[in-house]
Amino acid sequence: MLEKLKKLLLYAGAEPEDFARCQMDVQIANRRRLTAFLGTACAFFVALTLGSCMVPLLYDHIPVFAAALIVSLGLLAVEQMFPQKLGLFLNWEIYAFGAMIYGLGIYLGTVQTPDQRAAAFFAFLLYVPMLFMMRPILHIANVLLFDGIFLVCVTRFKDWRVIPMDVCNALVFGAISCIVSTFVMSMMYGNFITSSKLTTVAESDLNTRLHNRNAYENRLRDYPLRCSNSLTCIYIDVNGLHELNNTYGHEAGDKMLRTVACILREIFGEEDSYRIGGDEFVVLYPEIKQAEFEYFVSQLQKNAKGDQVNISYGVVWKEMCENLEDLLTEADKKMYEDKKLYYSNTKHNRRGQIERNLPLCTAEKKAM
């Protein structure tokens, strides 16, 4: 029972591995939602501020709406200045936006209307946890925190005649918010995980178990969101695959491709490694220092030689990934230059380079 509760609160009822696997997609979705909600909030508070100036009964609300507008504009400016930031930076932006909404509801429901029952805060209490995908326990913590602040403000500012009802509503709506947000997060994460699994099937190369060209083309647009400091591309072409297939059959060629994929998986990992064609592979590696990636490339050469695989490759490291297409084109060009140099310098023809029984790389041996 405790394990199920832990899984529900920490991983929205999903398996930890599935939860972790969909985090990048969740963060990208949260980034897009934040941009949309901040833009909507700015327009909404502009309208409220201008409308309050025209209605005498709302004059007292003008400073509140103006302050909310300034905060929203500030968050939107920060978001636009760092549109590629994810992770902790994005989480703090989300927390700040939520705190602004909760704070507005608390102020309007207590300080501004001490003799009336609060309404806006309870609406925000139910609505805000649905805006972004987070671990249920984080939503619950936020609800409890701001519900507690509201209760303190109620006892401090509210008329004694409305305190009992506001306290009761705070407890009831707080509990409802915790339960509903946990249920909604469970459904939303379940949808993401199901979509992720279907995408994995559609975007996986059956032979090498790397991402295929569909995954490569679908994910290209996300790399600018993931690389604020650097992005490296390595284009790889397997030499002699066509001749190997013609001489020893496609089983031998598939074995060679699996060996190359195994090498890439060992060195660069699986997340950003792709087989994009018959004998072509691409690795896109964000946020890595040039010296570190050069070491990885040297390991690629070493492992390929040790597994008796001939490859040509082109590597481009960019400190800023402003133009992804230029990066890919340059890496592709370098790969073809390396391939041309390889065949012009080798003492053997292409058929002479073929080994039918390629040794298995370390990871493939372990998998057997």
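Just so it is clear, the values below take in all heavy atoms, side chains as well, and ignore hydrogens, waters and symmetry mates.
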Checklist line | Between F146 and F124, ring centroids under 6.0 Å | finding: no
Notebook entry, point to check: Hey, quick one: are I70 and I106 part of the same hydrophobic cluster, counting side-chain heavy atoms closer than 4.5 Å, chains of contacts allowed?
Noted result: no
Item checked: Atom pair CG/CG of L241 and D254 - distance to nearest 0.5 Å -> 8.0 Å
Next item on the list: Would you check if the side chain of S195 reaches a backbone N or O of N191 as a donor-acceptor pair within less than 3.5 Å?
Entry: no
Item checked: Partner set under side-chain contact (heavy atoms from CB on, under 4.5 Å) for S298, not counting sequence neighbours -> Y295, Q301
Note to self: Testing R258, R275, R265 one by one against D205 for a salt bridge (Lys or Arg N to Asp or Glu O under 4.0 Å), which residue passes?
What the structure shows: R275
Checklist line | Residues which pass ring-ring contact (aromatic ring centres under 6.0 Å, His included) with Y107, listed by chain and number, not counting sequence neighbours | finding: none
Check: Should M188 and F183 be regarded as members of a common hydrophobic cluster, given that ILVMFWY residues are connected when their side-chain heavy atoms come within less than 4.5 Å of each other, either directly or indirectly?
Finding: no
Check: Taking only residues two or more places apart in sequence or in another chain, which ones pass side-chain contact (heavy atoms from CB on, under 4.5 Å) with L171?
Finding: L151, V167
Next item on the list: For L69 and L48, run side chain to side chain contact (heavy atoms under 4.5 Å, CB included): C-alpha distance rounded to whole Å, both residues' side-chain angles, the deciding distance at 0.1 Å, then the answer.
Entry: CA-CA 9 Å; L69 174 60; L48 283 179; over 6 Å; no
Margin query: Do M187 and Y189 sit in one hydrophobic cluster, given that two such residues count as connected whenever their side-chain heavy atoms are within less than 4.5 Å of each other, even indirectly?
Written below: no
Check: Of all residues at least two apart in sequence or in a different chain, which pass the side-chain contact (heavy atoms from CB on, under 4.5 Å) check with D222?
Finding: I28, R32, L225
Checklist line | Between CG on residue N142 and CG on residue L125, distance to nearest 0.5 Å | finding: 10.5 Å
Notebook entry, point to check: Does L198 share a hydrophobic cluster with F192, counting links as ILVMFWY side-chain heavy atoms below 4.5 Å and allowing steps through other members?
Noted result: no
Next item on the list: Apply side chain to side chain contact (heavy atoms under 4.5 Å, CB included) to R219 and Y274, showing your working.
Entry: CA-CA 11 Å; R219 296 182 180 193; Y274 305 87; 3.4 Å; yes
Notebook entry, point to check: Hey, is R21 close enough to E15 for a salt bridge, meaning N to O under 4.0 Å?
Noted result: no
Checklist line | With sequence neighbours excluded, residues passing ring-ring contact (aromatic ring centres under 6.0 Å, His included) with F150 | finding: F121, F122
Next item on the list: Tell me, please, which residues at least two apart from N91 pass side chain to side chain donor-acceptor pair (under 3.5 Å).
Entry: none
Notebook entry, point to check: Which salt bridge (Lys or Arg N to Asp or Glu O under 4.0 Å) pairs, counting each pair once, include a residue from residues 151-177, with sequence neighbours left out?
Noted result: K158-D166, D159-R161
Check: Do the side chain of H211 and the main chain of E271 share a donor and acceptor less than 3.5 angstrom apart?
Finding: yes
Next item on the list: Return yes if some donor-acceptor pair links the side-chain N/O of T113 with the main-chain N/O of L108 below 3.5 Å, else return no.
Entry: yes
Check: Partners of Y235 by ring-ring contact (aromatic ring centres under 6.0 Å, His included), sequence neighbours excluded?
Finding: none
Note to self: Would you say Y342 and N310 are linked by a side-chain donor-acceptor pair, where the criterion is simply a distance under 3.5 Å?
What the structure shows: yes
Check: Out of curiosity, K305 NZ to I311 CD1, how far, rounded to the nearest 0.5 Å?
Finding: 13.0 Å
Next item on the list: To the nearest 0.5 Å, tell me how far L244 CG sits from E251 CD.
Entry: 10.5 Å
Check: Does the N212 side chain pair with the main chain of N214, one donor and one acceptor, at a distance under 3.5 Å?
Finding: yes
Notebook entry, point to check: Any donor-acceptor pair under 3.5 Å linking the side chain of W317 with the backbone of E294?
Noted result: no
Next item on the list: For atom OH of Y95, decide whether the heavy atoms of other residues, nucleotides or ligands shown that lie under 6.0 angstrom number more than 12.
Entry: yes
Next item on the list: Would you please name every residue forming a side-chain contact (heavy atoms from CB on, under 4.5 Å) with P129, sequence neighbours left out?
Entry: Y102, H139, V143, S177, S181
Check: According to the side-chain hydrogen bond (donor to acceptor under 3.5 Å, both in side chains) rule, which pairs have a member within residues 58-76, sequence neighbours left out?
Finding: none
Margin query: For F19 and R135: C-alpha separation, side-chain torsions, deciding distance, then whether side chain to side chain contact (heavy atoms under 4.5 Å, CB included) applies.
Written below: CA-CA 10 Å; F19 185 88; R135 297 177 189 268; 3.6 Å; yes
Next item on the list: Please tell me if the side chains of F97 and L131 come closer than 4.5 Å, counting only heavy atoms from C-beta onward.
Entry: yes
Notebook entry, point to check: Under the salt bridge (Lys or Arg N to Asp or Glu O under 4.0 Å) rule, what pairs show up with a residue in residues 171-198, not counting sequence neighbours?
Noted result: D18-K197
Margin query: Regarding S230 and Q290, do their side chains bring together a donor and an acceptor under 3.5 Å, going by distance alone?
Written below: no
Check: Does the side chain of T232 come within less than 4.5 Å of F268's, by heavy atoms?
Finding: no
Check: With a cut-off of 6.0 Å (strictly less than), are more than 12 heavy atoms of other residues, nucleotides or ligands near CZ of F44?
Finding: no
Note to self: Please check if the number of heavy atoms outside L206 that lie under 6.0 Å from its CG is greater than 12.
What the structure shows: no
Next item on the list: Enter the distance from M134:CE to Q27:CD here, rounded to the nearest 0.5 Å.
Entry: 11.0 Å
Notebook entry, point to check: What pairs with Y285 under ring-ring contact (aromatic ring centres under 6.0 Å, His included), at least two apart in sequence or on another chain?
Noted result: F293, F296
Notebook entry, point to check: Would I62 and C53 count as a side chain to side chain contact (heavy atoms under 4.5 Å, CB included) if you check the C-alpha gap in whole Å, the side-chain angles of each, and the deciding distance to 0.1 Å?
Noted result: CA-CA 7 Å; I62 294 176; C53 294; 3.8 Å; yes
Margin query: Pairing donors with acceptors under 3.5 angstrom, does anything connect the side chains of D237 and S312?
Written below: no
Margin query: According to a hydrophobic-cluster definition based on side-chain heavy atoms being under 4.5 Å apart (Ile, Leu, Val, Met, Phe, Trp, Tyr only), do I193 and V184 belong together?
Written below: no
